[in-house]
Number of protein chains: 2
Amino acid sequence: MTVQPRPLTGRLDQSSMRRANLALILRHLQRAGSGTRSRIALETGLSKATLSNLVVELIDRHLVREDGPDRGGGVGRPGLTVSLDGRAVAGVGVEIDSEYAAVSAVDLQGTVIRETEAPVDVVALGPEATLDRVARLIGRTVLSLTEARVHVAGITVSAPGVIDYTTGTLRFAPNLGWRDIPLVERLTDRFSQPFPQIALENDAKLAAIAEYASGYQQQGVEDLVYLAGQAGIGAGIVANGQLVRGWSGFSGEVGHLPLDPTGRPCACGRTGCWEGLIGLRALLRRAADDSDPIHDPRRLLEDRLTELHERAVAGDARVLEAIHDVATDLSRGMSIVVDVLNPEVVVLGGYFAILGDLMLEPVRAGLATRRMDDGSAVRVEPSRLGMTSTSLGGAIAALEEVFRDPLLVPVQARG
Amino acid sequence: MTVQPRPLTGRLDQSSMRRANLALILRHLQRAGSGTRSRIALETGLSKATLSNLVVELIDRHLVREDGPDRGGGVGRPGLTVSLDGRAVAGVGVEIDSEYAAVSAVDLQGTVIRETEAPVDVVALGPEATLDRVARLIGRTVLSLTEARVHVAGITVSAPGVIDYTTGTLRFAPNLGWRDIPLVERLTDRFSQPFPQIALENDAKLAAIAEYASGYQQQGVEDLVYLAGQAGIGAGIVANGQLVRGWSGFSGEVGHLPLDPTGRPCACGRTGCWEGLIGLRALLRRAADDSDPIHDPRRLLEDRLTELHERAVAGDARVLEAIHDVATDLSRGMSIVVDVLNPEVVVLGGYFAILGDLMLEPVRAGLATRRMDDGSAVRVEPSRLGMTSTSLGGAIAALEEVFRDPLLVPVQARG
DNA sequence: GCCTTTTGTATTATTTTCTGCCGAATGTGA
DNA sequence: TCACATTCGGCAGAAAATAATACAAAAGGC
């Protein structure tokens, strides 16, 4: 679940040493791309002989493959290029949202190889019926992968709420109306064994993993905050290259930061909460009258946001002002998070990303007025992963297990 | 510097395997106390033979010693108890504050074996003269340890400001009036080589390490925030058992969180900053008239705070109200930090600790009114380490290097 | 005094990486 | 065309660490 390997806490014996070196090669290929054996040996510090030996093991498990001779020129015998093999192993991520469920499958190279989405009215259906549908989506994807002889390394399901990691229980998800649902157990029960392991994670935290792993990690960014603009506001925190979940999984619950003591009361009991200022409802309220069709809950959220964007581009003064004001209030809360954590990058997700081109400038301007020192100048970037970042993060998190211990993948993954 | 070992990123060979297992034994003894070889073997998972072999190496370096037969009873041959040897290796921590400098030395067992403090008027003296005095304090402690045949594993110097870790430079320390001082270099230059390695760290971060390592770590607490009440307000963050420094060392710069939009302007340019509400000056301003001798800057800070405490206990209404109000404002900002990070414990240091018995109850009450769910109920505890927590943390941080790689300690540490 | 139990270490085996070496494949230049 | 230099990948043996086994030593119980 953590993106960087946790420290090896237990004893080290020869087999775990070999495991760690196998993982090192895999991770190196992920970061640096393909290379010949001798180059990889040089770059990892392993001897050529050892590296050759380990590569054989990785090829046996179809985690790595030989691409053919390296036509890079230069004098001497050209080496055979080896690279991550994306054909045999995949991770699966599943997002459960109040309006839809989405499934993504990602291979070792980070390529999305399956993507499904289905509208699900979670609140109306309730947990059991929802999980029936989700299980059907998962089952179809896993079956399709299995038939294509792809080994599923694991499945990570996301929910917009607080999670008990010891039991795989969704403790509280206000937007779904769920409380204390043992999601992992209920989903696992719906499949015949053996079935890939299912894990549960928070949506914003998975999105943070996705952003970190697909891009920023390569840039050397180790401290990142993902801010999701949805009905509520959620944050996912990566510090020291590790996901920060907090003591009881509550980290990043920033929706109820008190930003406006004179503001309107919030359902949580406080007043002037951040998500009351910049949550989805607040944005729509600011942007249009109650009678406006943009408030129609039966329309797809993405369509309504696209329409809002079009209105802004067309010059609708009220919408422009709403977006500007929301962006300013976003920057106010963001400066708090930045003061506490000092991330290198803040990634804007959810509806912030859809309206990104319009919000970015006022957000950066708002941050600039509140900055005390140039050393802490944070980068603010819109998410480039779009709405799939959460399920993508789930798939990546599942694959992390393979990058930590390549021996988890059986030898006969492909016929 | 990190309290838990960073993940081993490089290749693993036999020697690093041995190193890791030596470290494992040391860490186990630190956590679980002494034990016989066979019990340690059982608990660490190492085989008896390997463990015996490794213990010999640790004894050679005087990191571990045989205590004598285990008179624990039971049938069978009694084992020889081995435990951490506190006599041969120590870490040194140095705190530079605006009013004083303090040096602590801690041995492997966590016992404080040297402690010095000297008043230093840093602002008046300026960097060079201050560093002369600090170097003299360090030199005396190191000499004393060397003469006692104690190997100094490292020295960590703290300063109340933002640090550039790549160069060991103090970038900005408002309370010292210093900016861009290459502290590590300037201190190292004052000693003849060879001299133990000097590192630089922020004061609140080191205090957080001290709190974490001496107590909470044993309790299994992996997520902790240290809040220091001084002229400013600083936080030290431990998440996943690791110190969070942020991208550029700015993490925990919470003094200027905007808590009171209608409040008084702050030197930083914002208005209503947290430290304007609960910083030392704010406390004193609330507690007594300007003419009151408690404001006299020539008196030792600790004395003034003790007097304040006595007045409160004696029933001084204004002081009591000031403390109560400060505690309430403390809880307001604390709830923000808690929402973002979800720590298990918040440790109150600096003057918060001195007034702890009076502040704790209103702080907890203030938090309770703002809590949204029982799952995130954070523990608030006063620091039990007192004013030395920072230099203590420095010593512990220096010792961490030994716990990560015991082979750093030379074999002939003791004649 | 003998037996049982447990400890710590010596010995041997196994596993892994490292070093040195060699054949193979390619480019270079006569 | 051919010899030569260069680099690649793999093989054999060395080195080093842990694991398994065996065994002497030190207690307590009968």
Side-chain angles (χ1 to χ4, degrees), chain A residues 8-25 28-29 34-60 64-83 405-407, chain B residues 8-25 28-29 34-60 64-83 405-407:
Chain A
L8 299 174
T9 171
R11 99 198 130 95
L12 235 55
D13 57 7
Q14 283 103 334
S15 66
S16 55
M17 174 168 74
R18 189 176 172 87
R19 228 193 309 272
N21 283 333
L22 287 167
L24 174 68
I25 297 170
H28 179 82
L29 285 174
S34 60
T36 66
R37 286 175 173 82
S38 77
R39 223 186 69 189
I40 298 170
L42 198 72
E43 288 165 352
T44 56
L46 291 161
S47 72
K48 284 195 303 173
T50 302
L51 191 116
S52 274
N53 188 325
L54 294 174
V55 164
V56 168
E57 173 111 44
L58 293 173
I59 288 177
D60 282 348
V64 146
R65 68 176 170 194
E66 256 177 14
D67 283 333
D70 171 38
R71 296 247 149 264
V75 76
R77 171 180 167 183
L80 293 169
T81 306
V82 295
S83 61
D405 181 5
L407 299 182
Chain B
L8 300 175
T9 171
R11 101 198 126 98
L12 235 55
D13 57 8
Q14 283 103 331
S15 67
S16 55
M17 174 168 74
R18 187 175 175 86
R19 227 193 308 271
N21 283 333
L22 287 167
L24 173 68
I25 296 171
H28 179 82
L29 285 173
S34 61
T36 66
R37 286 176 175 80
S38 76
R39 224 186 68 189
I40 298 170
L42 198 71
E43 289 166 350
T44 56
L46 292 160
S47 72
K48 284 197 303 176
T50 303
L51 191 116
S52 271
N53 189 325
L54 294 174
V55 165
V56 167
E57 172 111 45
L58 292 174
I59 288 177
D60 283 347
V64 147
R65 67 174 169 194
E66 258 177 12
D67 283 334
D70 171 37
R71 296 247 151 262
V75 77
R77 168 180 168 183
L80 293 168
T81 306
V82 296
S83 60
D405 182 4
L407 299 183

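In terms of heavy atoms, B/Ser52 sits closest to B/Arg37 at OG-CD, 3.6 Å.
In this structure, A/Ser47 reaches the C/dC18 phosphate: one of its side-chain N or O atoms is under 4.0 Å from OP1 or OP2. At the phosphate of C/dT17, OP1 or OP2 sits under 4.0 Å from a side-chain N or O atom of A/Asn21.
Heavy atoms of B/Leu80 sit under 4.0 angstrom from primed sugar atoms or phosphate atoms, though from no base atom. Using a 4.0 Å heavy-atom distance criterion, A/Ser38 is classed as a sugar-phosphate-only contact.
Looking at which nucleotide of DNA chain C each of A/Arg19 and A/Lys48 is closest to, the 5′-most match is held by A/Arg19. Between B/Gly76 and A/Val56, the one whose closest nucleotide on DNA chain D sits nearer the 5' end is A/Val56.
In this model, a donor atom of one side chain and an acceptor atom of the other lie less than 3.5 Å apart for A/Asp13 and A/Ser16.
One N or O donor and one acceptor, one from the side chain of A/Gln14 and one from the base of C/dT15, sit under 3.5 Å apart. Side-chain N/O atoms of B/Arg77 and base N/O atoms of C/dT7 include a donor-acceptor pair closer than 3.5 Å.
Panel note: side chain B/Thr44, backbone B/Ile40; a donor-acceptor pair is recorded below 3.5 Å.
Regarding A/Leu46, its CG atom lies at a distance of 11 Å from the P atom of C/dT19, rounded to whole Å. Between the CZ atom of A/Arg18 and the P atom of C/dC18 there is a distance of 12 Å, rounded to whole Å. To the nearest angstrom, P of C/dT15 lies 16 Å from CG of A/Leu54. In this structure, B/Met17 atom CE and C/dT14 atom P are separated by 17 Å, rounded to whole Å.
Rounding to the nearest 0.5 angstrom, the gap separating the CG atom in B/Leu46 from the CG atom in B/Leu24 is 6.0 Å. Taken to the nearest 0.5 Å, the CD1 atom of A/Ile25 stands 12.5 Å off from the CZ atom of B/Arg11.
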Begin with the C-alpha distance, continue with both residues' side-chain angles, and end with the deciding distance and a verdict on side-chain contact (heavy atoms from CB on, under 4.5 Å) for B/Asp67 and B/Val82.
CA-CA 6 Å; B/Asp67 283 334; B/Val82 296; over 6 Å; no
Show your reasoning for whether side-chain contact (heavy atoms from CB on, under 4.5 Å) applies to B/Glu43 and B/His28.
CA-CA 9 Å; B/Glu43 289 166 350; B/His28 179 82; 2.7 Å; yes
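Think of the region where chain A sits on DNA chain D: with heavy atoms and a 4.0 Å cut, that region ends 5' and 3' at D/dT6 to D/dA19.
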